Structures are given as structure tokens and as C-alpha cells.
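Just below is one structure, and these are the notes that go with it.
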2 protein chains.
Amino acid sequence: MNEGVEWAMHSCVNLSWAPGEAVTAKRLAAFYELPTAYLNKQLQALARAGILTSVSGPKGGFQLARDPRNISLLDIVVAIDGPDEAFRCTEILKAGPGADQKADYTKACLISHAMRTAELAYRRELAGQSIADIAERVVSQSPDAPENTRNHFANLKS
Amino acid sequence: MNEGVEWAMHSCVNLSWAPGEAVTAKRLAAFYELPTAYLNKQLQALARAGILTSVSGPKGGFQLARDPRNISLLDIVVAIDGPDEAFRCTEILKAGPGADQKADYTKACLISHAMRTAELAYRRELAGQSIADIAERVVSQSPDAPENTRNHFANLKS
DNA sequence: GAGCCATTACTCGGATAAAAGCTGTCCGAGTTGGTGCGG
DNA sequence: CCGCACCAACTCGGACAGCTTTTATCCGAGTAATGGCTC
């Protein structure tokens, strides 16, 4: 899995604590000492997916496009890592003896079915976790986290 | 995910229908018109993982190392694709402000925790499906499959 | 002094290289079965 | 005719290239604030 997924998730949590404010990729990257340009690329992907809104120029930056309760971890994974499943059935049964050339073995093949079922369980778990859920739990562990994050962003403005 | 996983799973199902017989990589590859040498590479990985036993020389080949009921789809994924999880936490929190350098953020980080939980659900599904389960279901769909497979192997002997 | 315009600085956005991992291939080590020779 | 040793063929096993995907970087397009100029 793409490493940018991790960065994107942490960045989204941080953005959830700066609502209404456009945060630049530079500041988001500085928070975890990440390469700015590459993080910017990931944030662009989130913007294309409709998770973030982007504004160019001075006073520009990124912010969450919708309520963090409506942004699931799955949304982020799909935006960064692509919509394809990890296991992709190549329908090798079509090359086997007694194969039905017009059959759709992505559905008929039992191995493909089992892998899809597992991946569905995975995606269901991820879809059930929102950025707001994570942020909420972080606050219960470290109540000062939101303010510390906002201060960190503010200090970098100088 | 590695494409060889699909090949390995189908090959294991086929091998479950030729118990006690050593089947060469060549014949297993011919079954689905796969590149022989590359499939051989995947079978080697299965042998290293203790899923298959390999014998060199004439009359040599591969066969299941244990009862197909004790070979899960997860075993095969781990053997081919490696034991690492798809999402690997790089502990970027350690570079953030107010980080505890001696903390293990692969456990403390809530994002890492959520991703691990999802992946655990994925692996649990895969661990619950054995090669015998798949083979059994294939038989209920196509009762002739085992014999057809054995015949196919036999015909290639010429 | 107020308003307008050009400039400037700063941001995102996509196009462009370097690196890593996956895919595919080839030749060597080892083993078994067959064959020829000797008893 | 029987036993033994050599030979040859076949298989797995690991080392070696080609290529796609990921990682990282750089420069250009666009935008808002700023400063200067004119009225």
C-alpha cells in the first residue's frame, strides 16, 4: 500500500482541527517533517476525490471539503491508493480445460469469490471509521492536541 | 498484491486432487498456460513456507505437505506476498511536536490501530477458508473436476 | 487623502527523473532411471 | 542370467535482466496582497 495513505490520514485529522482555515501543504508537511512536494501530490489526490478543497495563491491552502464525520478511512485509501482491490482476478480459469469463454470468472471462480469476501470485510471496517472518530479518540487521550496543532500551524506563519 | 498468489491458490487446489503424486511445475503451468519458470518460482516459495514438499529429478515435482484442510488461503498469501501488512505504520508521529521518542506508535497511534483492525478482519476471513473448503465447493459445482484434473495431468505425461 | 493599477510573492498543479519491487528468463546442482559391461 | 557402475535425462533451485509502479523533485499557471502612482 502507498505510504502516502498514512500521511493523508494524519493530515486530514490535523485539518479537522483547523476548520474554515486553509492550511498550506508546507505547514502540513512541516508538522511531521515530510517532503513538502510529495505530500502536496497526495493532497492533490484528495482534492480530486472531493475530500479536500484547494485554494491557490497567498492565503491559499487545503481544507476539508465536508464534515469529518462523512470522511471515512476507506475514502482516503481509495483516493490515494486507487479504487482497485489488492487481489485482482485475472481469470486464469479461462485458459484451463473445459473453460467457458463467455463466463465471467471474476464472479464464478470460488477463489476470486473468497478473496473478494475478505477484501469486503476489510473495506467495511475502514468504511466504519471516520476522521471524526479518530480525532475524537485522540482528544480523549490528549485533550490539548487540537489547540497544540492550531498553535503549531500559527507559529509556522512567521 | 502479487499475481502469483492467484496462481498458487489454483495450483494448490489442483494438487489437492492428486494426493500422493508429485506433479511437476511444467504440468501445473500447462494447466492454465502460465509461464513455467515463473510459476516454479512461486511454488518454491510455497515449499519454503512448508505448504508444499518438493522432489528433484525424474519422478520429481510438488505435492501438498499437509492435509488441505490445514492450508488456509492466508497461508498462501503470506508465503507468496510476504508476511508484512499492506499498511505499514512508519510512526510519523515521532517526528511531530510533543512526541515521545521511546513510545511505540505502531501501537499507540490510533490510525495505525484502525488500519491494523481492518487488516485483522481481512486476515481472519482468509484464515477461515482452507484449500479443502474451496475444493469441496468446486466439486459441488463441477463433480468431474478432480478426475478431469488428474486426467489432464496424466495426458501431459506423454 | 482615496482609488486604481502594476508588481510581487506565494500557492497549487502537473510534468519530469530516480528508485524500488514485480515479472519473466536462464543456466547450474541434484537425483533418478536406464543402459552397458563384467562376472 | 544377474549385479554393478556409469551415463544421460529430467527436475527443482537460485542467480540474472526487463519493465511497471512507486517515490521524489522541479518548474510553470494562477491568485491575492502590497506598494506606488494618479486624480
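Owing to the predicted nature of the structure, the values given are computational and were not obtained by experimental measurement. In the text below, chain A, chain B and the rest are named by the order of the sequence lines, each starting its count at 1.
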**Prompt:** Under a 4.0 Å heavy-atom cut-off, which of residues 2-13 of chain B touch DNA chain C?
**Reply:** B/Asn2, B/Glu3, B/Trp7

**Complete:** Residues in residues 40-50 of chain B with a heavy atom under 4.0 Å of DNA chain D, by number, are B/Asn40, B/Lys41, B/Gln44, B/Arg48

**Prompt:** What is the nucleic acid contact for B/Pro35, judged by heavy atoms within less than 4.0 Å: base, sugar-phosphate only, or nothing?
**Reply:** sugar-phosphate

**Message:** Counting C-beta onward and ignoring hydrogens, is there a side-chain heavy-atom pair between A/Trp7 and A/Ile80 closer than 4.5 Å?
**Reply:** no

**Message:** Within the 4.0 Å heavy-atom criterion, would you say B/Ala25 contacts the bases, only the backbone, or no part of the nucleic acid?
**Reply:** sugar-phosphate

**Request:** Please check if the side chain of B/Asp81 supplies one atom and the backbone of B/Asn2 the other of a donor-acceptor pair under 3.5 Å.
**Result:** yes

**Request:** By nearest nucleotide on DNA chain C, pick out whichever of B/Asp81 and B/Ser56 is the more 5' one.
**Result:** B/Asp81

**Message:** Any donor-acceptor pair under 3.5 Å linking the side-chain atoms of A/Asp133 with those of A/Ser130?
**Reply:** yes

**Asked** Can you check whether A/Ala114's main-chain N or O pairs, donor with acceptor, with B/Gln129's side chain at less than 3.5 Å?
**Response** no

**Prompt:** Among pairs that include at least one residue of residues 105-126 of chain B, which meet side chain to side chain donor-acceptor pair (under 3.5 Å), considering only residues two or more places apart or in two chains?
**Reply:** B/Asp104-B/Thr106

**Prompt:** Are B/Leu93 and A/Val139 connected in a single hydrophobic cluster, I mean Ile/Leu/Val/Met/Phe/Trp/Tyr linked by side-chain heavy atoms less than 4.5 Å apart?
**Reply:** yes

**Request:** Using the side-chain contact (heavy atoms from CB on, under 4.5 Å) rule, take A/Asn70 and A/Ile131 through it: C-alpha gap first, then chi angles, then the decisive distance, then the call.
**Result:** CA-CA 8 Å; A/Asn70 294 332; A/Ile131 290 297; over 6 Å; no

**Prompt:** Could you state the CD1-C1' distance from A/Ile80 to D/dT23, rounded to the nearest angstrom?
**Reply:** 13 Å

**Message:** On DNA chain D, compare the nucleotides closest to B/Ser54 and A/Pro58; which residue's is nearer the 5' end?
**Reply:** B/Ser54

**Item:** Spacing of B/Tyr38 atom OH relative to D/dA17 atom P, expressed in whole Å
**Value:** 18 Å

**Counterpart residues, salt bridge (charged side-chain N to carboxylate O under 4.0 Å, His left out), relative to B/Asp144 (two or more places apart)** = none

**Prompt:** Do you know which two heavy atoms are closest between A/Val5 and B/Phe87, and how far apart they sit?
**Reply:** CG1-CE1, 4.2 Å

**Request:** Decide yes or no for A/Leu126 and B/Met115: does some side-chain heavy atom of the first lie under 4.5 Å from some side-chain heavy atom of the second?
**Result:** yes

**Prompt:** Which whole-number value in Å describes the distance from A/Lys59 NZ to D/dA33 C1'?
**Reply:** 10 Å

**Complete:** Span of DNA chain C engaged by chain B, first through last nucleotide within the 4.0 Å heavy-atom cut-off, is C/dT23 to C/dG33

**Qualifying residues under side chain to side chain contact (heavy atoms under 4.5 Å, CB included), relative to A/Asp75, sequence neighbours excluded** = A/Ile51, A/Arg66, A/Ser72

